[in-house]
Peer 1: 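First, the structure itself, so that you have it in front of you.
Values below: all heavy atoms of this structure, side chains included; hydrogens, waters and symmetry mates excluded.
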Amino acid sequence: MDICLSNDNGSEEATASLEHGSNHLSVKGIHRRSHRSSDASSGRSLGTAIGRDEDELHSTYSANTDGEDLESDPQVPRVGMEFDSEVAVYNFYSSYAKQTGFNVRRGKAEYSGSDKGAVRAKSFLCSCGGHKSKDQIADAMRYKRRDARTGCDAKIECVVSDGTWKISEVVLEHNHVTTALSTGRIAYQVRAVGERALDSDADPTWEDRPRPAPEETQDLIDHFRRLARLDCCSCYSLRVAEARGMENFFWRDSRSKVDYEHFSDLLVLDTRTWISKYGMIFAMFWGLNHHRKPTIFGHGLLVDRSVGSFHWLLDTFLQSMNWRKPQTIITEVGEEIAEAVSLVLPETRHCLPAWSVLNSFRKYLSPLSDQLDVVELFRKCVFLRSREEFKSKWNSFIGKYKLRDNSWLASLYKMREKWSHAFTKNVFSVGLLSIQNVEDAGSLSSKINVFSVGLLSIQNVEDAGSLSSETMTLTEIAWRSEQVAKEVRAEEFRDDMLCEKNTVNLKTRSPTEKEAGRLYTPRMFEMFQKEFINCLGLAMEEEIKCSETLRMFQLTEAGDTKTHTASSRQIVEYDSSDSTLACSCGKFESVGILCDHVFRVLNFTNVVCEIPPRYFLKRWTKSAKDSVPVPVPTPSVAARDKGPVDSFTGEFVRKALHVAHMSVNKKRKRIAMSFIDLAVEHIAKVLKTEEVAAALDHPDVTDEKDRTICEYALETQLDQENAAKLGMGCPRVKRKVEFSSRPAGKRVSLFLTALPH
């Protein structure tokens, strides 16, 4: 266990980490209340600020937003206004409703006596007024849509005399947030909400913040100590402040480390979950496996959203993963986490997903977010794939709604390279950047979604119980996260089994499609097949020959006679000298499979059967986890290694860990143990003195028959049928005699050379 003490703002803190579960760490007695340091986070959720006082918000909306008194506005209904017909009244009130943000519904009319043609009075209501009757609610077949009525009292009432309609009563106040406003009012309201959100961004003080009791923290540590006895390569780490108690916590198991080494090209840090009982953030590290489904890399608990907390979490995570850095990291929108990523992962591409950008838009610009046309315009800005079109559309958006001075939008625009598809279309993200809402993000795995959205109530997990986040302890939260991980991994195992049994459904006679079906997992083959078939619907607009080997092609949708924009027109480059392919859509760079534009060009040039193997990424194949990933040496690791013994031990344990998790059935486990036993037996025969061992390692041994010790070991452990299936058909007796006649030193040398490198 490694514990380092440092002084931070006058308080003594301890960062403790434990791997292999061999030591005991107690934190009892150090939890004392203290004021929070001045560098605290300012990233709390804005939901409270936006929705905390609707009455106050509506009074703001009714204020002088355009420099005029609303009561004097001729577009606002007032008692005494006269109209010459019912239609005129309805059109007037509907126009006001459209500007204010609601719809109009005609009320019941009062008639003069029994004459139904003579209207004496009539009301015009907000469409959210009143409630459905019991009969209407019971009539489920007729009323399938969600009931939008809120009992709103907003209305105007008119009396009719001599054909003149006169407003006799006006109620302007609504009990629901408006959805459509004038441009001037929108600009004012956005500023008001944004200022309110920014003012409320700070976390509560340490006196007000709930926090785990010392006993709960110790129970959490004891929980992971018990798990470490079963999983010796698991790891957990915590940060403790003497004056404040436990601040941050991180944990992962050995399977997470193995999965991360295979799929570390993409890392998602999900910090959406808030644990109100402890005032802490639940963080989850995850990525996507070869079936394009989530795989869990680790979990964390953070006391706040400060740069320091995020920096500690990212640094601790990387340290537990032997400093293997991802190619891309995806996080929520936030200046603090962005700064931490830039410090810990300066070479990693940091991206913000569409769902986070759109959610932030709703938080900071809530009056706008209720208008479908405004949201749609902002959404187009996010997903435009041409930088010129993005700039033009963005300027149009902020100009139309008078948002040029909005500080949040200005900050978001500065980070456009992290979220605009015009800048991220070539970034490897497996399509996650295109997901527009949390529900779609969770559809990749319902278990990930249910756990990370914030309810902490896992469904469909055996014996998960029904505890809510208000009653769960930290240990129970950790246990639930482990159950989710088990379910996710069980699903991956089932998918792997289907890969061995599933027969692909080919739609063409192309050898390229057949090879893809043999290599790819079923889900990725479906994506490949879709692109492969869709190429038939593309038209070749123009071919440009740049050199003897380099050619460029311009493609569009076949049969589309409309003027093509930069986003709809794609350029494919093909270099026949080295079979290099590149498309402006960025499909291969972002997802890892070739696009329909490339297949159209290959089909046009008659080289579709010659796709280079490098365009079949191993991470999407059925054999993605059937080998040990190459280690990634870093200066940090080299600096910590004290010699060849430490380096060898770490690498040996790493490979052994992969072998252990690859051994998913009895046969594989038996093979793994046979090799271990054989290694122990023959290593023990080698003299420990390095010089003597080197002398016994005779350099003249070249006989290929000598490289049979591994096969011999397997054949002596497995039955003849299994040996035949593995291709070990050599005569056992002859090999045994030849092996036994060799000197011990030479046999060890042969064993070492026979091991895979």
Peer 1: On the 0 to 90° scale, with breaks at 30° and 60°, tag the Trp408-Tyr364 ring pair as parallel, tilted or perpendicular.
Peer 2: parallel

Peer 1: Going by atom types only, do Thr331 and His350 share a side-chain donor-acceptor pair under 3.5 Å?
Peer 2: yes

Peer 1: I would like to know whether Glu531 and Lys587 meet salt bridge (Lys or Arg N to Asp or Glu O under 4.0 Å); could you show each step before the answer?
Peer 2: CA-CA 10 Å; Glu531 299 292 329; Lys587 183 81 172 185; 3.3 Å; yes

Peer 1: Out of Arg600, His597, Arg551, which one pairs with Val572 under the side chain to side chain contact (heavy atoms under 4.5 Å, CB included) rule?
Peer 2: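 Exactly one option meets the side chain to side chain contact (heavy atoms under 4.5 Å, CB included) with Val572, and it is His597.
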
Peer 1: Pair Tyr413, Phe397 - check ring pair (Phe, Tyr, Trp, His ring centres under 6.0 Å), show working.
Peer 2: CA-CA 12 Å; Tyr413 184 76; Phe397 170 72; over 10 Å; no

Peer 1: Please check if atom NZ in Lys618 has more than 12 non-hydrogen atoms from other residues, nucleotides or ligands closer than 6.0 Å.
Peer 2: yes

Peer 1: What closest approach, in Å, do Arg292 and Gly431 show between heavy atoms, and which atom pair accounts for it?
Peer 2: NH2-CA, 4.0 Å

Peer 1: How long is the gap from SG on Cys381 to CZ on Phe361, to the nearest 0.5 Å?
Peer 2: 9.5 Å

Peer 1: With ring centroids as reference points, do His299 and Phe250 lie under 6.0 angstrom apart?
Peer 2: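 No, too far apart.
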
Peer 1: Between Glu336 and Ser306, is any side-chain donor less than 3.5 angstrom from a side-chain acceptor?
Peer 2: no

Peer 1: Can you confirm whether the side chains of Glu389 and Trp394 place a donor and an acceptor under 3.5 Å from each other?
Peer 2: no

Peer 1: Count the heavy atoms belonging to other residues, nucleotides or ligands that lie under 6.0 Å from CD of Glu376, then report whether that count exceeds 12.
Peer 2: yes

Peer 1: Would you sort out whether Ile571 and Phe553 count as a side chain to side chain contact (heavy atoms under 4.5 Å, CB included), showing the intermediate values?
Peer 2: CA-CA 6 Å; Ile571 304 296; Phe553 302 86; over 6 Å; no

Peer 1: Taking the basic N atoms (NZ, or NE/NH1/NH2) and the acidic carboxylate oxygens, is any pair closer than 4.0 Å for Arg569 and Glu541?
Peer 2: yes

Peer 1: Ignoring hydrogens and geometry, is there a side-chain-to-backbone donor-acceptor pair from Thr328 to Ser429 under 3.5 Å?
Peer 2: no

Peer 1: Do Ile329 and Arg349 have side-chain heavy atoms sitting under 4.5 Å apart?
Peer 2: no

Peer 1: Above 12 or not: heavy atoms from other molecules or residues under 6.0 Å from CD of Glu335?
Peer 2: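 Result for CD/Glu335: open.
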
Peer 1: Side-chain contact, heavy-atom cut-off 4.5 Å: Phe317 with Phe297?
Peer 2: yes

Peer 1: Mind checking whether Gln570 and Gln554 have side chains closer than 4.5 Å, heavy atoms only?
Peer 2: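 SC-SC contact between Gln570 and Gln554 ruled out.
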
Peer 1: Over all heavy atoms of both residues, which pair between His174 and Cys152 is shortest? Give the atoms and the distance, please.
Peer 2: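 That closest heavy-atom pairing would be ND1-SG, 3.5 Å.
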
Peer 1: Are Arg387 and Phe390 in a cation-pi setup, meaning NZ or CZ lies under 6.0 angstrom from the ring centre and within 45 degrees of the ring axis?
Peer 2: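 Ring-cation test returns no.
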
Peer 1: Could you tell me whether Phe604 and Phe599 have their ring centroids closer than 6.0 angstrom?
Peer 2: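 Ring-ring flag for Phe604/Phe599: false, centres at least 6.0 Å apart.
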
Peer 1: Identify whether the distance between the nearest side-chain nitrogen and carboxylate oxygen of Glu526 and Arg523 falls below 4.0 Å.
Peer 2: no

Peer 1: Ring pair (Phe, Tyr, Trp, His ring centres under 6.0 Å) for Tyr520 and His290? Distances and angles first, verdict last.
Peer 2: CA-CA 9 Å; Tyr520 283 137; His290 49 314; over 10 Å; no

